[in-house]
Amino acid sequence: MAERRVQVGIVGAGPAGLLLSHLLHLAGISSVVVEAKSRAHIEGRIRAGVLEQGTVDVLRDTGMGARMDREGLLHHGTILKVAGEARRIDFQDLVGKSVMVYGQHEVVKDLVAARLEAGGEIVFEASQARIDGVDGDAPTLSWCADGARRTIACDFVAGCDGFHGISRSALPADVLRVYERVYPFGWLGILARTPPASEELIYAHHDRGFALLSMRSPEISRLYLQCPPDEDIAGWTDARIWEELQVRLAGGEEWRLDEGEIVQKGVTAMRSFVAEPMRHGRLFLAGDAAHIVPPTGAKGMNLAVGDVRVLARALESYYSRGREEALAAYSDTCLRRIWAVQRFSWWMTQMLHTFDDASPFDRRRQLAELDYVTTSRAAMITLAENYVGLPMDWGPA
Ligand code: FAD
Ligand code: DHB
């Protein structure tokens, strides 16, 4: 039996679940967030780092922008480097927008603090979460804590529990459709205590593989190297990582990265993945629970923000005006933008990485594409428009 009732039960305290809970609170809608990990774990988890203009606007408009505006780094452009030659894409000039470099874990910290301060409930270290009854009108969310199973009754459940969560499997197998592409490489990522060697991000295409220079602050660099998808990190000493970064990022130039202490390193495999539909009965999927993009272009967290913004508005329309149209349209509304972003992330990935099975023709075509996209104003506008983020309400008016 359910001990109590909330309007929306949320599984997962990543950016999707936390922001949804915050947006619902602002609309006067109650929620509980149930999270498998500890607060320290989710606040220390280093992941995405680039916020689209639309994400920045959502955070500012909902009172979550103060620390981001103080500590985040506003970027008006980015650099594509091919065989050592740097070419700049000027977002401001091309599309009049910018992005903000501010770590996902900082967004998570801000949201957790805001929810707790407002009396919101986040259950950390909740194991064996279960969603039941989404086909009917009385779904429940339950979990184990302190040796006992707790159950709450909900009007709706939001599955915001990431790619490896339990929510997606609550959709019946004959309803769920999955679209997937697995890439033959991954990214070896490091966090290093050294000032970023460039004011703007550098996406480098190199014969030895892709490399990316990013950052988290004026003192902390975030750097990535294309590597085999199942690469054993033990084979990468700090010296080898720096040596490879120096080669791939600098190309032919007289330019060196300042090497510093590597404080974190790991390998991430890469895939494109979409699960449809994103709604079944009273269950809604949002963020990585429904879709994954390869990281080139930094879209993962921004897509999660887009989903929950649509969901929060639809729930608000339901509770304040009794209207179900927006809830009914949730999956289609989100999927249109998701597929547009899937296309961009796939395009950036295939353009910038090296492929072992590429023919000489493929290689020359790829170089021609990089040349075109850094030379033609029309092509640069396309890149910039997608990079700063398509409108959050992308789709038919
Ligand atoms: P998540 O952030 O995954 O949050 C889901 C939450 O649900 C987690 O806190 C998890 O602990 C919790 N959870 C899972 N299962 C359960 C359960 N059964 N019960 C309760 N809670 C559960 N994107 C970029 O743009 N750039 C990057 O550099 C980048 N790097 C990444 C590196 C890694 C290792 C990963 C995994 C992702 C990365 N991403 C990156 C993607 C980006 O971080 C995600 O798109 C973003 O986190 C999505 O937010 P989310 O809230 O949907 O999911
Ligand atoms: C970062 C990650 C990305 O995938 C990207 O395209 C740009 C920046 C980052 O972690 O900073």
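Read the numbers this way: they start at 1 and go in the same order the structure lists the ligands and their atoms. No hydrogens, no waters, no symmetry mates; every other heavy atom, side chains included, goes into these values. Along the sequence shown, residues are numbered consecutively beginning with 1. Computed from a predicted model, the values in this text were never measured in an experiment.
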- Message: So, taking the atom named CD1 in I89 and the one named OG1 in T78, what distance separates them when rounded to the nearest 0.5 Å?
- Response: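 One finds 8.0 Å between CD1 of I89 and OG1 of T78.
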- Query: Hey, what do you get for CG (L212) to CG (L245), rounding to the nearest 0.5 Å?
  - Reply: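 Atom-to-atom, L212:CG and L245:CG are 10.0 Å apart.
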- Message: For R87 and T375, which I'm curious about, is there any donor-acceptor pair between the side chains at under 3.5 Å?
- Response: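 Yes, a side-chain donor-acceptor pair sits under 3.5 Å.
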- Do the side-chain N and O atoms of D288 and H164 include a donor-acceptor pair separated by under 3.5 angstrom?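 No, H164 and D288 have no side-chain donor paired with an acceptor closer than 3.5 Å.
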- Query: Is it the case that one hydrophobic cluster holds both M301 and V341, taking links as side-chain heavy atoms less than 4.5 Å apart, direct or via other members?
  - Reply: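 Yes; tracing contacts between hydrophobic side chains, which count when under 4.5 Å, links both residues.
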Have a look at [options] and point out the one with the heavy atom closest to [atom].
{"atom": "atom 32 (C) of ligand 1", "options": "R47, R222, Q104", "answer": "R47"}
{"atom": "atom 23 (N) of ligand 1", "options": "A286, A48, G12, G14", "answer": "A48"}
{"atom": "atom 6 (O) of ligand 2", "options": "W187, Y387, Y203", "answer": "Y203"}

Would you call [X] a ligand 1 contact, heavy-atom distance under 4.0 Å?
{"X": "A126", "answer": "no"}
{"X": "R45", "answer": "yes"}
{"X": "Y224", "answer": "yes"}

Nearest neighbour in protein (non-hydrogen) for [atom]:
{"atom": "atom 14 (C) of ligand 1", "answer": "D161 O, 3.1 Å"}
{"atom": "atom 4 (O) of ligand 2", "answer": "P295 O, 2.6 Å"}
{"atom": "atom 11 (O) of ligand 2", "answer": "S214 OG, 2.5 Å"}

- Message: Below 4.0 Å from ligand 2: does a non-hydrogen atom of K299 turn up there or not?
- Response: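 Judged by the 4.0 Å heavy-atom criterion, K299 does not count as contacting ligand 2.
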- Message: Under 4.0 Å, counting heavy atoms only: does M348 come that close to any atom of ligand 2?
- Response: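 The answer is no: ligand 2 sits nowhere under 4.0 Å from a heavy atom of M348.
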Which atoms of ligand 2 have any heavy atom of [X] under 4.0 Å away?
{"X": "L201", "answer": "7 (C), 8 (C)"}
{"X": "V50", "answer": "7 (C), 8 (C)"}
{"X": "G297", "answer": "6 (O)"}
{"X": "Y224", "answer": "1 (C), 2 (C), 9 (C), 10 (O)"}

- Evaluate the criterion side chain to side chain contact (heavy atoms under 4.5 Å, CB included) for residue pair L59 and V305; output intermediate values, then yes/no. CA-CA 9 Å; L59 294 174; V305 168; over 6 Å; no
- Query: What do you think, any protein heavy atom under 4.0 angstrom from atom 39 (N) of ligand 1?
  - Reply: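 False for atom 39 (N) of ligand 1.
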- Task: Take D93 and H76 through the side chain to side chain donor-acceptor pair (under 3.5 Å) test and state the conclusion after the steps.
- Result: CA-CA 9 Å; D93 171 49; H76 303 306; over 6 Å; no
- Compute both the distance and the angle, then confirm whether R343 meets the cation-pi test with W346: under 6.0 Å from the six-membered ring centre, within 45 degrees of the axis.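 Ring-cation test returns no.
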- Query: Has R313 got its NZ or CZ under 6.0 Å from the middle of the six-membered ring of Y318, at an angle within 45 degrees of the ring axis?
  - Reply: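 Checked: cation-pi criterion not met.
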- Item | Polar atom proximity, A48 to ligand 2 (N or O, under 3.5 Å) |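 No, since none of the N or O atoms of A48 sits under 3.5 Å from an N or O of ligand 2.
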May I ask you to check if ligand 1 and [X] share an N or O to N or O distance below 3.5 Å?
{"X": "D288", "answer": "yes"}
{"X": "H164", "answer": "no"}
{"X": "P15", "answer": "yes"}
{"X": "V11", "answer": "no"}

- At under 4.0 Å between heavy atoms, which part of C160 makes contact with ligand 1: side chain, backbone, both or neither?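 Within the 4.0 Å criterion, C160 contacts ligand 1 through backbone atoms alone.
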- Salt bridge or not for R5 and D155, using N-O below 4.0 Å?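 Between D155 and R5 there is a salt bridge, with a charged N closer than 4.0 Å to a carboxylate O.
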- Task: Run through F355, Y183, W187 and flag the one making a ring pair (Phe, Tyr, Trp, His ring centres under 6.0 Å) with F210.
- Result: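 Of all the options given, the one that passes is W187.
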- Query: Considering only heavy atoms from C-beta outward, does the side chain of E52 approach that of Y387 to under 4.5 Å?
  - Reply: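 The answer is no, as the side chains (C-beta and beyond) never meet within the 4.5 Å cut-off.
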- Message: Parallel, tilted or perpendicular, judged at 30° and 60°: which one describes the rings of Y330 and F284?
- Response: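 Rings of Y330 and F284: perpendicular, over 60°.
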